[in-house]
Amino acid sequence: MDTRVERIRSEAKRLLESGEVDLVIGFRKGSIPMVSRPWFVRTVEDTELLHWDGFCSLNLCNYLTKRKEKVAVVAKGCDTRSLVGHIQENQIQREQVLVLGVPCEGMLDRRALQERAEGTEILEVVESDGRVEIRGRGLERSFPRQEVLQHCCRICRHRNPVLHDRLLSAEVEEHQVERYEDVEEIDSQSPEERWAYFQNMLSPCIRCYACRNVCPHCYCTECFVDCSRPQWVGKSLDLNDVFTFHLFRAFHMAGRCTDCGSCERACPVGIPLRVLTRKLEKVVSERWGFEAGTDLEQLPPLATYRPDDPQDFIK
Amino acid sequence: MSARRVGREALKGFITGLMEDGRTVWGPQEFQGSVRFRPLKKNGTPVLDVPNATLSPKEVVFPPSEWMFLFSTDPGREDAFVLKEVPQEGPEQVILGIRPCDARAFQILDRVFLEQGAHEDPYYRSKRDRTLLIGLGCNTPCSTCFCHWTGGGPFHTEGLDVLMTDLGDVYLLEPVTERGRALLDALQLDEAGADEVERGKHIAEEARASMGEAKDPRRIKEKDLMALFGSPFWERAHEACVKCGVCTYLCPTCSCFDIQDEVRGACGFRGRNWDTCMFALTTLHASGHNPRPTGKERFRQRFMHKLKYFQDDFGDVMCVGCGRCVQYCPANIDIREIIEALSA
Ligand code: SF4
Ligand code: SF4
Ligand code: SF4
Ligand code: SF4
Ligand code: SF4
């Protein structure tokens, strides 16, 4: 068994037995290949199902918002960054959460794997030694892990938990990868080309709001799209309203989004939403030198004011 | 019933034939990151060699967003704020390549929109009446497919006008309804050979046999409603669900919508958009009270509606086993497990 799985189970067991926490949130194996299920453990017995693999991509910080009990959470780099945001935004207290940090080798891209299966359904995925093997009826192919990582994981600079109480395996090497190649490519286009690009990108949207709802940072009591007095945005598939929704949502993520990729992964129609959030991430980083969720002590730019803030955008 | 045949290479010609008389032909097509039913262009081909589309062709008869009324907000006009119906006529249409589960889902939608007491839904009615379904049987059901649990199967014809079977080199076309037969007759297609009909039967049997044991959600009908409603089961079952709504937006049988008025300039529109019980807003009262205040109640509503209330009201579950909710749920909520738990 993966030693990380053993560590997760034994830590969870110890924490529950000693009463240090009331609840451990981690993952168990999913009922189908390529998705692991968030698992809420309150008894020692249930720790036996805790699991870890390349499909534990859902951001578990989703389940921490406004929790009252003492909780341990199994967290990879991006989950801990979202947790930092949550603590800064008072959605949970640091003392309430015990972070079981798992240095992350990057999560696997389900869509990319499925594409490589050439029309055959993937029934099993086996991960070993930096390789990933897919199996199905008459299908057996393997790839270097690096090739089938989610895009957000390929360009991740914080695979190691930024905050942890226990570290469940050795830290992994971090890479200062280039994060904005696609964003810069879009930036370099003319306004007309960009308009066409975004129209095309957003035209399949069905306004299901899954992108919003799976985001740990979207926890407002009333989302602006749901507000009816005043009504900020129309609700049909009129492209103007679809744009408004997406641009507002992205702006609400400025300096908060940790690029965990949840939105893009959840979008049933495959819209590459992260180009919007990463554009804002880039601006925030260039102007304020701020990287969301990496430092508990550093106040988020949207929550601070400094007389020397660059203000050249005010025309 | 006389079966017909269309060679794989002659599919384009067959579709062109369908388009004659101004018919719109909807078929599964790549639409950026997904496969959706879209009107085929002249000489366009549908993608038929993939498993079921991301969204069911429900959107053909019940679009994610549609206008029902128009009105003027100009107080100077005599008809200010008078609602006028948006004309509902449209071309005859064919949905080509709809899977048997999704065709059965149309029958479930029929019950909701057309067979509930005195009121019919005119928007659904108009589109439904001019739509013919040419279904494609499923040679290789996915592991997430469970149509056979819900009374269907990979080659079930319920709801279809024509059943199409992929024989490899040839598509076999078997009429199911009179309308389907008339359509095939008008197209003057070649008769299929008896051996081809046999091959089709064999493929259908193999497909069905590959699907494993079926559990029967109909047992849930026998259960006491209040006992299921009040069961402690929901406390934990909903925990992993992030209430993203994907399951219901992709479901071919979900039929909830939200009515909205919108105004641009002096022109007003009243339309409806898909909605879901997974959202708190759906049941939020103007007073601020919400009868489904937490995720638990919303999650329970989805499954109770599908598996219990609908069964009690209409005799069938409101699920055709297409498996989309299982495939696309980011938290791996698997309705098959819920069915087993509720029928236990
Ligand atoms: S998840 Fe995708 S389809 Fe749904 S609202 Fe977001 S972008 Fe649109
Ligand atoms: S898709 Fe899954 S997580 Fe999303 S609302 Fe449905 S059951 Fe919940
Ligand atoms: S509930 Fe799930 S499996 Fe059943 S019809 Fe809807 S999407 Fe398909
Ligand atoms: S399950 Fe929910 S969204 Fe679907 S039809 Fe029922 S109430 Fe509506
Ligand atoms: S659920 Fe049945 S009918 Fe639907 S795609 Fe799968 S095998 Fe075909």
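Below, chains carry the letters A, B, ... as their sequence lines are ordered, and counting in each starts from 1. Since this is a predicted model, take the numbers as computed values, not measurements.
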Looking only at side chains, do [X] and [Y] share a donor and an acceptor under 3.5 Å apart?
X	Y	value
A/R274	A/H151	yes
A/N200	B/Q32	yes
A/T65	A/Q91	no
A/Q231	B/Q260	yes

Inset, instruction - Answer with side chain, backbone, both or neither: which region of A/N62 has an atom nearer than 4.5 Å to a non-hydrogen atom of chain B? - result: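 The answer is the side chain of A/N62.
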
Inset, instruction - Answer with side chain, backbone, both or neither: which region of A/L123 has an atom nearer than 4.5 Å to a non-hydrogen atom of chain B? - result: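 Only the side chain of A/L123 comes within 4.5 Å of chain B.
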
Inset, instruction - Would you confirm whether the ring centroid of B/F269 sits within less than 6.0 angstrom of the ring centroid of B/W67? - result: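 Aromatic pair counts; centres sit under 6.0 Å.
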
Legend entry - Those residues of residues 236-243 of chain A, ordered by number, that approach chain B below 4.5 Å (heavy atom to heavy atom):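 Residues A/S236, A/L237, A/D238, A/D241 are the ones that qualify, each having a heavy atom under 4.5 Å from chain B.
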
Inset, instruction - Using a heavy-atom cutoff of under 4.5 Å, enumerate the residues of residues 201-216 of chain A that contact chain B, numbered in order, or state 'none'. - result: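 Heavy-atom contacts from residues 201-216 of chain A to chain B are A/M201, A/S203, A/P204, A/I206, A/R207, A/C208, A/Y209, A/A210, A/R212, A/N213, A/V214.
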
Per-residue contact mode, [X] against chain A (heavy atom under 4.5 angstrom):
X	result
B/E66	neither
B/L55	side chain
B/R264	side chain
B/D275	neither

Legend entry - Best-contacting candidate, A/S31, A/G270, A/P38, against chain B by heavy atom pairs under 4.5 angstrom: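 Among the listed options, the one with the most contacts to chain B is A/S31.
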
Inset, instruction - For chain B, find which of A/T120, A/I32, A/I271 contributes the most heavy-atom pairs closer than 4.5 angstrom. - result: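 Of the options given, most contacts go to A/I32.
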
Legend entry - Any B/W149 side-chain heavy atom under 4.5 Å of B/R336 side chain: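 Of all side-chain heavy-atom pairs linking B/R336 with B/W149, at least one is under 4.5 Å.
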
Shortest non-hydrogen contact from [X] to [Y]?
X	Y	result
A/G106	A/C153	CA-CB, 3.8 Å
B/R8	B/G168	NE-O, 2.6 Å
B/W274	B/Y249	O-OH, 3.2 Å

Inset, instruction - Verify, without hydrogens or angle tests, whether B/T144 (side chain) and B/Q327 (backbone) share a donor-acceptor contact under 3.5 angstrom. - result: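 No; zero donor-acceptor contacts below 3.5 Å.
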
Inset, instruction - Look only at the side chain of B/Y124 and the backbone of B/V61, and say whether a donor-acceptor pair between them is shorter than 3.5 Å. - result: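 Flag not set: sc B/Y124 to bb B/V61 has no pair under 3.5 Å.
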
Legend entry - Lys/Arg-Asp/Glu bridge criterion (N-O < 4.0 Å) met for B/E59, B/K127: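 Salt bridge between B/E59 and B/K127, a charged N being under 4.0 Å from a carboxylate O: no.
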
